[in-house]
Every structure is written in C-alpha cells, then in structure tokens.
Trainee: 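Handing you this structure, nothing more for now.
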Amino acid sequence: VAGGLVIGVATVWARFPGWGTVGSAALCLFAYGAWAVADRRLQPVPWPEQLASPGLWRTLRASAGVAGLVGFVSFLLTGLGLLLGSIVS
C-alpha cells in the first residue's frame with residue numbers, strides 16, 4: 001500500500017514524460033495492497049472476537065477492486081499511447 005502511494009505521489013509531483021503510465025501502475029499497486037488488507041480483515045475469526053465494522057471493510061475491498069481495474073485499464077491505454085506515439089497516416 002505504502003509503496004504504491006509513494007510512487008504515485010512522486011510520479012504526479014515530478015511529471016516526467018510517461019508519468020501517466022507509471023502513475024497508473026502505482027495506482028494498481030496501491031489498490032491491490034488495499035484490497036489485500038481488506039480481504040485479510042474479512043477472514044473468519046474465532047467466535048468471541050468480532051470484526052469492528054464488516055460493511056466498511058467490504059466497501060473498501062470493492063472500492064479497491066474497482067480502483068485497481070481502472071488503474072490497469074489506464075496503464076494499458078497510456079502504455080499503448082506512449083508506445084505508439086503520434087501515428088499520422
């Protein structure tokens with residue numbers, strides 16, 4: 001989670017050529033980490049222990065999944081745009 005956040009903030013701050021592609025990859029890493037943390041918290045626990053707010057963790061897991069998908073699609077599209085450049089026909 002922290003790695004994706006640090007890379008994303010540094011990328012947006014620097015704005016070097018191709019920063020959108022690296023920022024999208026950072027969003028994927030951040031979202032995957034957030035999804036993993038939420039999924040881990042939603043694992044079954046022994047009876048006396050209670051999960052603090054399962055609805056919040058389910059919402060975080062779903063939001064992280066959507067953000068990861070958006071980051072992946074953005075990574076593919078910005079990567080293709082970077083590789084193809086401006087094709088004039």
Trainee: Would you name the heavy atoms of A26 and G8 that are closest together and state the gap between them?
Mentor: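 That would be CB-N, 3.5 Å.
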
Trainee: Kindly compute the distance separating CZ (F16) from OG1 (T11), expressed to the nearest 0.5 Å.
Mentor: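 Going from CZ on F16 over to OG1 on T11, the span is 4.5 Å.
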
Trainee: In Å, rounded to the nearest 0.5 Å, how long is the span from CG of L29 to CZ of F75?
Mentor: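 Separation between the atoms: 9.5 Å.
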
Trainee: If hydrophobic clusters are built from ILVMFWY residues whose side chains come within less than 4.5 Å, do V1 and W57 share one?
Mentor: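 Cluster IDs for V1 and W57 match.
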
Trainee: Taking S74 for its side chain and V70 for its backbone only, find out whether a donor-acceptor pair lies under 3.5 Å.
Mentor: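 Looks like no, no N/O pair under 3.5 Å.
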
Trainee: Let me confirm one number: the CG-OG distance from L56 to S63, rounded to the nearest 0.5 Å.
Mentor: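 Interatomic distance, L56 CG to S63 OG, rounded to 0.5 Å: 9.5 Å.
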
Trainee: Measuring from L42:CG to R58:CZ, what's the distance to the nearest 0.5 Å?
Mentor: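 Spacing of CG (L42) from CZ (R58) equals 6.0 Å.
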
Trainee: Treat each ILVMFWY residue as a node, draw an edge where side-chain heavy atoms are under 4.5 Å apart, and state whether V37 and F30 are in one component.
Mentor: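 Hydrophobic grouping puts V37 with F30.
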
Trainee: In Å and rounded to the nearest 0.5 Å, what is the CG to CG distance from L27 to L5?
Mentor: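 That separation rounds to 10.5 Å.
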
Trainee: Decide if atom CZ of R41 counts as having more than 12 heavy atoms of other residues, nucleotides or ligands within a radius under 6.0 Å.
Mentor: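 Check fails, neighbour count at 12 or below.
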
Trainee: Return the CH2 to CG distance between W19 and L82, rounded to the nearest 0.5 Å.
Mentor: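 Output value for this atom pair is 12.5 Å.
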
